[in-house]
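Reviewing the structure listed below.
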Amino acid sequence: MLSIPYIRKNLEEVKAGLERKNVVVNLERLLKLDDKRRQLKTETDKLRSKQNKASKEIGAAPAEKKQAKIKEMKSVSDDLKSGLAELEKTENKVKEMLITIPNPAHKTVPKGKKDTDSVVIRTEGKKPVFGFKPKDHVELGKTLDLMDVERAAKVSGSRFVYLKNELALLEYALVQYAFNKLKSKGFTPVVPPVLVKGMAMYGTGFLPADESQIYKTEHDDLYLVGTSEVSIAGYHADEILNEDELPKRYAGFSTCFRREAGTYGKDMGGMFRVHQFDKVEMFSFAKPDESYQEHDFILSIEEEIMKDMGLHYNVVNICGCDLGVSAAKKYDLDVYLPGQDAFRELTSTSNTTDYQARRLNIRMRTEKENVNVHTVNGTAIALGRMLIALMENGQQKDGSIKIPGVLHKYAGFEKIGPKSS
RNA sequence: GGAGGGAUGGCAGAGUCUGGUUUAAUGCGGCGGUCUUGAAAACCGUUGUCCUUCACGGGACCGGGGGUUCGAAUCCCUCUCCCUCCGCCA
């Protein structure tokens, strides 16, 4: 959510940032509506002031004068009531407009109309060389008995998967590796709730924009999170943080649920795009003037993890049209998957500036005034997709899969061999 | 699931029965100061958030929402959360 005083002061800049996202909003109409709101506020405040004064007089007045005074105040009370009703109506209209306006894109975000307009800013690692035709994760998963998609379909439907054997163990090795690394970098490890109230969804900007992507429970008005970003952002809702405790960093492990509406036929089979996966997420509450620095920091950790895993990847500056509502800027790391012979998104990090913090009412105490903090999120490890990358990139000629050295101590094995029996 | 109790500022806690000088008492904590070689103690001062106004000022907020009233922390309705006991349960 944007602040109206900010829009008032920086109208052209806000418009340019929205245009970068290919979004057109009638901001003049919004400001006009807010003018009306302020006028009504002044009027009703005056009536209230009158009422407060009279109320004291009535309390102190002798009994015979009381009735006349009360009669006189009746009309003021009526005026106030109708004024308040109109004020509320106008306030709601303003809020309604405001809640749908996305966060304007930063000026370093590429303009564009399609996802191909995003810009690869650098490529790291080496493309793996195989002396044979590499298999994709679906085949590897089947021959090594690591995944079962068919039975998942029987039990849950399409886009679900059972992880089995070493792959199930490897997931937990990755989680431990990630928690340890992030703890050493100042992140507080967290396992948050995955069912949340509407407040958290609206606060993070997933509602109302992405309603079709979100699972909602039938009887309890709770939503299943698509990322632990939602529950972690909401953790400090309605709080005022001290300046010297920022940045506050959290590493959240959670299962993530996504409906994937409108993706029929895309990435079918296997577990690249599934309704349910686990993820370790980084999340920072940062001082406003440090959020881009924090964004770079989180990107650097994502890259460190990719390097630990020995993966070949692109760093992509995502174009305006592909930014979510709340992001002002976003980098993806696209990793080379031999099975597809393509770079695919494995992690993503966004600076949402004060957009979520304003909606969630998260502030920072400064000497002058309290200001909204900035929030930055980034994937540490999307477990399903990381497992795909490790399987496809680690596969050997004999059909086994070598796993990265940093994971050996957590996994308790160094490779996933063909079943001997 | 059943029965009862509760929600007031950073924290503790009065005010609710009986609506009106309550700009929410008091204590603790925090911050500043006096005193002190320094500290503690003591004493003095200060200490919420938001909206509105160029400013002076005005207004709102006692868990959320609604109602009664000239006027609600206080009365009524409703929802949420917390606590105690019973039942069930990984």
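Numbered from 1 within each chain, the chains take letters A, B, ... in sequence-line order. The shown structure was predicted, so the numbers you read here are calculated from the model rather than taken from an experiment.
Computed from coordinates, the Lys197(A) NZ to G64(B) C1' distance equals 10 Å when rounded to whole Å. What separates CD of Glu88(A) from C1' of A60(B) is a distance of 14 Å, to the nearest Å. Taking atom CZ of Arg38(A) as the reference point, atom C1' of U53(B) lies 10 Å away to the nearest angstrom. Here C51(B) presents its C1' atom at 14 Å from CG of Asn370(A), a figure rounded to the nearest Å. Atom P of nucleotide C50(B) and atom CG of Asn361(A) are separated by 8 Å, given to the nearest angstrom. Residue Lys36(A) contributes atom NZ, which lies 18 Å from atom C1' of C51(B) at whole-angstrom precision. The distance between atom CD of Glu43(A) and atom C1' of A60(B), rounded to the nearest whole Å, is 17 Å. Spacing between atom CG of Leu84(A) and atom P of G65(B) amounts to 14 Å, rounded to whole angstrom units.
Using atom C1' as the reference point in both C76(B) and C17(B), the two lie 15 Å apart (nearest Å). Spacing between G1(B) and C11(B) at atom C1', rounded to whole Å, works out to 35 Å.
Within the shown strands, U80(B) is the pairing partner of A7(B) under the Watson-Crick or G-U definition, both distances less than 3.5 Å. With a cut-off of 3.5 Å on both pairing distances, the Watson-Crick or G-U wobble partner of U49(B) is A60(B). Base pairing of A72(B): no nucleotide in any strand meets the Watson-Crick or G-U wobble criterion (both distances under 3.5 Å).
Looking at residues 72-82 of chain A, you'll see Met73(A), Lys74(A), Ser77(A) sit with a heavy atom under 4.0 Å from some atom of RNA chain B.
Of the listed nucleotides (G71(B), G59(B), C50(B)), G59(B) has the atom at the smallest distance from the side chain of Asn52(A).
A side-chain donor-acceptor contact under 3.5 Å links Ser284(A) and Glu294(A).
Between Glu260(A) and Arg159(A), none of the side-chain N atoms (NZ, or NE/NH1/NH2) sits under 4.0 Å from a carboxylate O, so this pair counts as no salt bridge.
Dense packing is recorded around NZ of Lys307(A), with more than 12 heavy atoms of other residues, nucleotides or ligands lying under 6.0 Å away.
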